[in-house]
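Report on one structure; see the data block that follows.
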Amino acid sequence: MTLRLYNTLQRAAVPFEPLDPPTVRMYACGPTIYDFAHVGNYRSFVVYDLLRRYLMWLGYDVRFVMNLTDVDDKVIDGAAKAGLDIREFTAPFGEAILRDAETLGILPADAYPMATQHIEGMVEWVRRLEEKGLAYAADDGSVYFRIAGFETYGDLKGLDPDSLKTGARVDVDEYEKDDARDFALWKAAKPVDAEVGAAWDSPWGKGRPGWHLECSVMSIAELGETLDIHLGGEDLIFPHHENEIAQSEGVTGQPFVRFWVHVKHLILEGEKMSKSLGNTVTVRELLDEGVEPAAIRHELMSAQYRRELNFTREGLAASSAAVQRLVDFHARLEELTPTEGADDTRVASLADAALGRFRAALDDDLNSAEALAALFVFVKEVNAELDTAAQVNAGDRQAALDAIESMDRVLGLVSLAQAGRAVDDDVAAWADDMVAERDQARKDKDFARADAIRDELAAKGLVLEDSAEGTRWKVVR
RNA sequence: GGCGCCGUAGCCAAGUGGUAAGGCAGAGGCCUGCAAAGCCUUUAUUCCCCGGUUCGAAUCCGGGCGGCGCCUCCA
């Protein structure tokens with residue numbers, strides 16, 4: 001079995017093989033840091049994380065880079081309104097986005113380059129494109145990419161370049177361009193740009209880089225001229241990624257990206273999520289409402305990444321319960337006392353089957369919904385086996401633990417949920433004392449007292465489970 | 001107008017030619033002092049509708065209906 005990924009370039013799922021195994025060079029278009037990121041952004045980030053973790057799980061050495069766009073029209077507008085320099089304006093958003101990513105169990109990237117750190121490189125690129133006749137300066141000091149000079153323009157999106165000429169959304173203000181389809185590599189500074197610190201010296205006068213340019217320059221600076229995988233939201237296919245290809249290959253003459261992977265946009269409560277509808281939800285808001293991070297992460301991976309995902313509050317509640325089931329299962333295994341010499345159960349073979357199905361699911365274009373199903377089938381089967389078997393040996397217990405922990409290295413749900421259930425030592429000690437007191441009350445048949453203690457613990461989010469081995473308490477979110 | 005996606009139980013969502021995964025929610029039961037957790041049974045004779053192909057279709061084809069995305073800076 002090999003991993004197959006849907007490559008937008010080929011419009012088909014094709015076997016993935018890195019150019020230089022075991023290294024995988026992977027780049028993702030990150031957010032523009034002019035606001036807090038919404039759950040739609042995080043669907044993409046979670047998918048990036050899922051792919052990265054799965055590649056690592058398969059044994060690849062993944063080098064992952066995600067940019068943060070810290071200069072563009074929206075950044076400049078926001079900074080101007082706030083009366084701040086763009087760096088002051090964007091820094092808190094960048095920090096918040098990375099903090100929330102960490103909260104959702106997203107592994108940190110190897111680098112988070114920002115456009116303002118690569119101005120020199122971008123100027124150099126524009127210069128080289130100009131040398132090759134692929135760029136030209138307009139009278140106002142802006143520089144444009146000449147699409148007519150790049151014959152495969154439009155291939156990624158499958159667009160006919162000629163059809164773009166009459167596009168209704170072509171900006172009528174850009175009369176300086178030779179061709180309406182040409183896009184800006186370098187934008188001449190407007191007065192407001194300089195006010196917020198978004199104007200740099202260049203051979204064409206004061207200006208700032210165009211948005212598309214940064215991803216080409218930064219990804220190649222970090223990872224080399226040919227990337228194995230380039231990720232982004234589906235909206236970026238055109239024009240952003242199309243432009244990246246044109247710029248990059250225009251300069252290097254090498255294939256820029258081998259696999260283009262695009263994440264479908266989610267919808268929110270059955271509706272398109274957009275700022276104009278005013279229905280965006282940020283991860284920050286959900287966390288403030290008390291939604292646990294693992295539930296958000298679970299819901300974001302509950303549909304395969306190229307499918308529409310309907311993100312709902314009801315779904316979050318379901319995800320929270322599903323995550324709790326995984327946590328309970330893991331705890332059951334950890335707390336299980338193995339019996340030496342006990343007969344083998346079906347657990348080891350169930351683990352093999354589950355891992356096989358899990359892997360087949362993810363190999364199939366990262367089908368996370370199917371992978372989750374494999375895990376939950378495993379949970380049910382092992383629970384049933386443990387209910388049936390009088391005793392379990394250490395090998396079977398370990399096989400089950402190894403299996404769920406292995407799958408969770410990709411999913412990142414159990415570890416995240418467990419981290420969210422950690423309690424302070426003094427709370428744990430208090431809970432232990434209360435459980436001991438309740439045990440005594442139960443022995444004395446003082447069930448009123450026992451139930452009162454249980455209620456008291458419940459008020460603090462601690463739930464009791466009585467069993468033959470004794471009583472345990474757990475944190476529920 | 002061009003290109004493309006989707007429509008599966010109360011909700012979310014796999015399956016894409018061989019007789020409907022999984023999670024949540026609901027019902028009944030076992031276990032329990034009562035719970036919790038877990039297990040068992042149950043909840044779509046059917047996959048938007050109508051035709052067609054096939055021994056056989058949720059899966060392929062045609063036509064509808066409905067929802068959605070992109071077509072120059074939105075993950």
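The figures that follow rest on heavy atoms only: side chains count, while hydrogens, waters and symmetry mates do not. A quick note: this is a predicted structure, and the numbers were derived from the prediction, not measured. So you know, we letter chains A, B, ... as the sequences are listed, proteins then strands, and number each from 1.
For the residue pair N243(A) and Q247(A), no side-chain donor N or O sits within less than 3.5 Å of a side-chain acceptor on the partner.
Pairing of rG1(B), defined by two Watson-Crick or G-U wobble distances under 3.5 Å, is identified with rC71(B). Remark: rG66(B) base-pairs with rC6(B). Criterion, Watson-Crick or G-U wobble with two distances under 3.5 Å. Across all strands shown, rU41(B) is found opposite rA27(B) as a Watson-Crick or G-U wobble partner, with both distances under 3.5 Å. Figure legend. rA35(B) is base-paired to no nucleotide; pairs are counted as Watson-Crick or G-U wobble with both atom distances under 3.5 Å. As the counterpart of rU16(B), no nucleotide is assigned, since no Watson-Crick or G-U wobble pattern has both distances under 3.5 Å. In this structure, rG56(B) makes no Watson-Crick or G-U wobble pair, since no nucleotide meets both defining distances under 3.5 angstrom.
The nearest pair of heavy atoms linking E299(A) to N310(A) is OE2-O, 3.6 Å. F93(A) and D35(A) make their closest contact through CD2-C, 3.4 Å (heavy atoms, listed as atom of the first residue, atom of the second, distance). For the residue pair A295(A) and S319(A), the shortest heavy atom distance occurs at O-CB, 3.4 Å. Residue L372(A) comes nearest to M301(A) through the heavy atom pair CD1-O, 3.7 Å, listed as atom of the first residue, atom of the second, then distance.
Counting any heavy atom pair closer than 4.0 Å across all strands shown, E242(A) reaches no nucleic acid atom. No engagement by H240(A) is indicated, since no non-hydrogen atom pair under 4.0 Å with the nucleic acid exists. Nucleic acid contact class of L464(A) (heavy atoms, under 4.0 Å, all strands): base. At the heavy-atom level, L375(A) lies nowhere under 4.0 Å from the strands shown. Residue H212(A) is out of contact with every strand shown, counting any heavy-atom pair closer than 4.0 Å. Within the 4.0 angstrom heavy-atom criterion, no nucleotide atom of any strand lies near G315(A). Counting any heavy atom pair closer than 4.0 Å across all strands shown, E465(A) reaches a base atom. Using a 4.0 Å heavy-atom distance criterion, F376(A) is classed as a sugar-phosphate-only contact. Residue-level contact check: D328(A) touches the backbone only, with heavy atoms under 4.0 Å from sugar-phosphate atoms and none from bases. Among the heavy atoms of the strands, none lies under 4.0 Å from K443(A). Contact annotation for N310(A): backbone-only contact, meaning every heavy-atom pair under 4.0 Å involves sugar-phosphate atoms and none involves a base. Contact annotation for R332(A): backbone-only contact, meaning every heavy-atom pair under 4.0 Å involves sugar-phosphate atoms and none involves a base. At a threshold of 4.0 angstrom between heavy atoms, the contacts of V377(A) are confined to the sugar-phosphate backbone, with no base atom among them. Within the nucleic acid shown, R454(A) comes within 4.0 Å of at least one base atom, counting heavy atoms only.
Rounded to whole Å, atom P of rC5(B) lies 19 Å from atom CG of L309(A). Look at CD on E385(A): it is 15 Å from C1' on rC40(B), rounded to the nearest Å. Separating the CD atom of E244(A) from the P atom of rC73(B) is a distance of 16 Å, rounded to the nearest angstrom. Taking atom CZ on F238(A) and atom P on rC74(B), their separation rounds to 14 Å, with Å as the unit. When rounded to the nearest whole Å, the span between CG of D455(A) and P of rA36(B) equals 13 Å. Between L326(A) atom CG and rC24(B) atom C1' the separation is 13 Å, expressed in whole Å. Rounded to an integer number of Å, the gap from CG of L236(A) to P of rC74(B) is 9 Å. As rounded to whole Å, 14 Å separates atom C1' of rC68(B) from atom CG of N279(A).
At the phosphate of rA14(B), neither OP1 nor OP2 sits under 4.0 Å from any side-chain N or O atom of N367(A). The phosphate of rA75(B) has OP1 or OP2 within less than 4.0 Å of a side-chain N or O from N41(A). Close to rG69(B), at under 4.0 Å from its OP1 or OP2, lies a side-chain N or O of K272(A). Between R438(A) and rA36(B) there is no side-chain polar atom (N or O) within less than 4.0 angstrom of OP1 or OP2. The shortest distance between the side-chain N/O atoms of K74(A) and the OP1/OP2 oxygens of rC74(B) is below 4.0 Å. Contact check, K157(A) against rG4(B): no side-chain N or O comes under 4.0 Å of OP1 or OP2. Contact between the side-chain N/O atoms of R307(A) and the OP1/OP2 oxygens of rC12(B) is not found at any separation under 4.0 Å.
Map A322(A) and A384(A) each onto its nearest nucleotide of RNA chain B; the residue landing nearer the 5' end is A322(A). When the nearest nucleotides of RNA chain B are assigned to Y34(A) and F183(A) by heavy-atom distance, the more 5′-ward of the two goes with F183(A).
The side chain of K380(A) sits closest to rG23(B) out of rA21(B), rG23(B), rC68(B). Residue K187(A) places its side chain closer to rC73(B) than to any other of rC34(B), rC73(B), rA21(B). When distances run from any side-chain atom of K264(A) to the nucleotides rU72(B), rA21(B), rC5(B), the shortest one goes to rC5(B). With rG33(B), rA21(B), rC24(B) as the candidates, the nucleotide lying closest to the side chain of R325(A) is rC24(B). Each of rC39(B), rG69(B), rC3(B) was ranked by its minimum atom distance to the side chain of R11(A); first place goes to rC3(B). Distance from the side chain of A369(A) is smallest to rA13(B) among rA13(B), rG15(B), rU72(B). Side-chain proximity of M273(A) to the nucleotides rC68(B), rA75(B), rU72(B) is greatest for rA75(B). When the nucleotides rA75(B), rG23(B), rU72(B) are ranked by their closest atom to the side chain of L266(A), rA75(B) comes out on top.
Atoms NE2 and CZ, from H240(A) and F183(A) in turn, are 10.5 Å apart once rounded to the nearest 0.5 Å.
Separating the C1' atom of rA21(B) from that of rC12(B) is a span of 14 Å, rounded to the nearest Å. Of the P atoms belonging to rG17(B) and rA35(B), the separation is 48 Å, rounded to the nearest Å.
The aromatic ring of H265(A) sits over the base of rA75(B), with ring centres less than 5.5 Å apart and planes tilted by under 30°.
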Could you give me the CA-CA distance, side-chain angles and deciding distance for I453(A) and R449(A), then say whether side-chain contact (heavy atoms from CB on, under 4.5 Å) is met?
CA-CA 6 Å; I453(A) 290 171; R449(A) 177 60 188 150; 3.6 Å; yes

- Message: Is there a side-chain contact (heavy atoms from CB on, under 4.5 Å) between E234(A) and H265(A)? Walk through the geometry before answering.
- Response: CA-CA 7 Å; E234(A) 60 171 343; H265(A) 281 190; 3.3 Å; yes

Q.
The test is side-chain contact (heavy atoms from CB on, under 4.5 Å); show your working for T345(A) and L350(A) and say whether it passes.
A. CA-CA 9 Å; T345(A) 62; L350(A) 292 173; over 6 Å; no

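In the interface, the side chain of D387(A) is not paired with the base of rC40(B) through any donor and acceptor atom under 3.5 Å apart. If you check distances only, the side chain of D451(A) does reach the base of rG33(B) with a donor-acceptor pair under 3.5 Å.
Classification of the H262(A)-W260(A) ring pair by plane angle, with boundaries at 30° and 60°, yields parallel.
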